[in-house]
Amino acid sequence: MNFTRWSARLPGTQRRAAARAEHPVTTTDRRSEGSVPAARAEQLTDAPPVPAVDELPVREVLDRVPALVALVHGPSHRLAYVNDAFKAAFGARRCGEPAAEALPELRDLGLLPLLDQALRSGKPRTLKSRKAPDGRHYTFTCTPAAEDNGEGAVLIFATDVTDHAEAAERLRTSERRQRETAVTLQRSLLPQELEEPDDLRIAATYQPGGTEAAVGGDWYDVITLGGGRTALVIGDVMGRGVRAAAVMGQLRTAVRAYARLDLPPHEVLQLLDGLAMEIDANQIATCVYAIHDPNEGRLVYASAGHLPILVRDDQGTVLRADEPTGPPLGTGGWMHASGSIPLGPGSTAVLYTDGLVERRNEDLDEGIAALERALAGATGTPQVVCDRLVRSAGVTADHDDDVAVLVLQHPARTGPDRELFRNAALELLGGVEAAPRARAFASGVLTSWRFPADLHDLGVLATSELVANSLQHGIPPMRLRLRRTDRRLIIEVTDGDDHLPRRRRAEPGDESGRGIAIVATIASHWGSRRTPGGGKAVWCEFVLPKPTD
């Protein structure tokens, strides 16, 4: 029987078995010898032998690797070998010379001390991403090696990391540009020049966080409300980057708009709270809004989760504003309340963000207490006080958080300066004689203040119209107040009715409605507001002519 022909009709397994039966192969078991089975031995018979690592020529290998390789030996690091890649990068080198002379590029990179360390410690040393004279970046590794004669040697291995270094530099440049954009946006949203109230001296500073920290949402503002009153605000949007700066800009704009309504501080914060939730429900902000009225000698404020205001009085005693303090803006569901703190002549107040007093591993109260001590000893102009507080807090260019500080002083007027700030008041008892008495009082006061005739007449006319309007539409108690500063004349009438007047066009047949229109026409500014405890105040002001030299 032809076994081969028969086996061709069998399936694969049966065919292989039949082939073994027709051509038996006598082999010995070589498993114990570590050899491959006989079925694979025939396939490996013609394969070239693989050399062991020990048989490879070291010099030939080092000559062909793309990395830079050099070998130095002895305490003076005499050059024994450089490979072709090293020569291509830095040129040919003469062997036998000390590394300081034979390898000047390594000397310039500060690598020679690294050779000493590797030789002395017997451990590899690495110098990461250094720019070599050829313009490329290398990471150098110095590995100690023993020689037969017992003299130590060091193998210098340099890997080209130029691509990585350039990618890292591009990333740093991109991050730097993004930070510069955020800082520019932040600064552009802050007031470029602070408004200068008549009765206050004010200075402020903003210090962004260090280069490793994204810019935050700290802000401050000064808003003159008219009638001699000034609003001051400072706040901090939680979070960092352009988004925080953008939210800060929206809140600051809203504060200025709400301030024009001349509302009490807690009502302003109430409006801001709702707006903050609409802007971004996931972002909250702290804020202090305060109003200074020179006639009252107090700072009325409301706080939404912000740090307390500090005030140093004319005796050097530092006071800390107490409650009320509500939750941050954007949380909702809270009724804010207003408080007050004395701010008489000679006092200095400080509003600030947490970057000035908050430190890692330190309680916040300790930072505020340190600021109180610094304020107690800080004298001079508001800008001087501001700079001293920042320095005392250890704020530097690499500070890890944004810092905003607002310093205001209510100066004590003395000498000729005191003559420029005067007050006069008259209680209006009502009746037909109230208006003539008010006009006579205003005329006498303005004459004693030596106002020019035209300004004297305008002041008396404005007084007459405001008093007549209060007598007709208001209720007792009524009061007339005249105030002069070095820049303006302010006339204010208060009464017990909280209905605010508005300017309207009077028809030819109307017997009323022209008083406010006349005041708005002749005065530089006018306005009205509700007063605490009920009632209202209606005011107007005239800008004084600048004195001639």
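Residues meeting the side chain to side chain donor-acceptor pair (under 3.5 Å) test with Tyr258, sequence neighbours left out: none. Taking the salt bridge (charged side-chain N to carboxylate O under 4.0 Å, His left out) definition, one finds that Asp354 meets it with nothing, sequence neighbours left out. In this view, Arg298 satisfies the salt bridge (charged side-chain N to carboxylate O under 4.0 Å, His left out) rule with no residue, not counting sequence neighbours. Looking at residues two or more places apart in sequence or on another chain, you find no side chain to side chain donor-acceptor pair (under 3.5 Å) involving Asp314. Listed by chain and residue number, nothing satisfies the side chain to side chain donor-acceptor pair (under 3.5 Å) test with Ser347 (two or more places apart in sequence, or in another chain). Under the side-chain contact (heavy atoms from CB on, under 4.5 Å) criterion, Arg320 pairs with Pro308, Leu310, Asp365, Ile368, Glu372, not counting sequence neighbours. Here Leu109 pairs with Arg130, Ala132, Phe140 under the side-chain contact (heavy atoms from CB on, under 4.5 Å) rule; sequence neighbours left out. Checked against side-chain contact (heavy atoms from CB on, under 4.5 Å), Ala393 has the following partners two or more places apart in sequence or in another chain: Leu356, Arg359, Val395. By the side-chain contact (heavy atoms from CB on, under 4.5 Å) test, Leu155 is found to be paired with Val69, Leu71, residues two or more places apart in sequence or in another chain being considered. Arg172 is linked by a salt bridge (charged side-chain N to carboxylate O under 4.0 Å, His left out) to Glu169, counting only residues two or more places apart in sequence or in another chain.
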List the steps and the verdict of side chain to side chain contact (heavy atoms under 4.5 Å, CB included) for Val407 and Leu351. CA-CA 6 Å; Val407 175; Leu351 291 75; over 6 Å; no
Begin from the C-alpha positions of Ile156 and Val82 and carry the test side chain to side chain contact (heavy atoms under 4.5 Å, CB included) through to its verdict. CA-CA 9 Å; Ile156 304 169; Val82 291; over 6 Å; no
Item to check | side chain to side chain contact (heavy atoms under 4.5 Å, CB included) assessment of Ile309 paired with Val288 | outcome: CA-CA 8 Å; Ile309 301 173; Val288 166; 3.7 Å; yes
Next on the checklist: Could you go through Val405 and Thr353, starting from their C-alpha distance and side-chain angles, then the distance that decides it, and tell me whether this counts as side chain to side chain contact (heavy atoms under 4.5 Å, CB included)?
Outcome noted: CA-CA 7 Å; Val405 183; Thr353 58; over 6 Å; no
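The closest side-chain donor-acceptor pair between Tyr206 and Asp402 falls under 3.5 angstrom.
Listed by first and then second residue, the side chain to side chain donor-acceptor pair (under 3.5 Å) pairs involving residues 83-104 are Arg93-Glu105 (not counting sequence neighbours).
The minimum heavy-atom distance linking Thr162 with Arg136 is given by the pair OG1-CB, 3.2 Å. Scanning all heavy atoms of the two residues, the minimum distance from Pro265 to Val300 falls at CG-O, 3.6 Å. Closest approach of Pro144 and Pro124 over heavy atoms only: CD-N, 3.8 Å. Across all their heavy atoms, Asp401 and Gly355 have their closest contact at OD2-CA, 3.6 Å. Closest heavy-atom contact between Asp218 and Leu190: O-CD2, 3.9 Å. Between His292 and Leu343, the closest heavy-atom pair is CD2-CD2, 3.5 Å.
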List the atom pairs, with distances to 0.1 Å, where a side-chain N or O of residues 379-387 and a protein N or O form a donor-acceptor pair under 3.5 Å, not counting sequence neighbours.
residue: Thr381; atom: OG1; partner: Val384; partner atom: N; Å: 3.3
residue: Gln383; atom: NE2; partner: Asp387; partner atom: OD1; Å: 3.1

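Heavy-atom contacts from other residues, nucleotides or ligands closer than 6.0 Å to CD of Glu196 number 12 or fewer.
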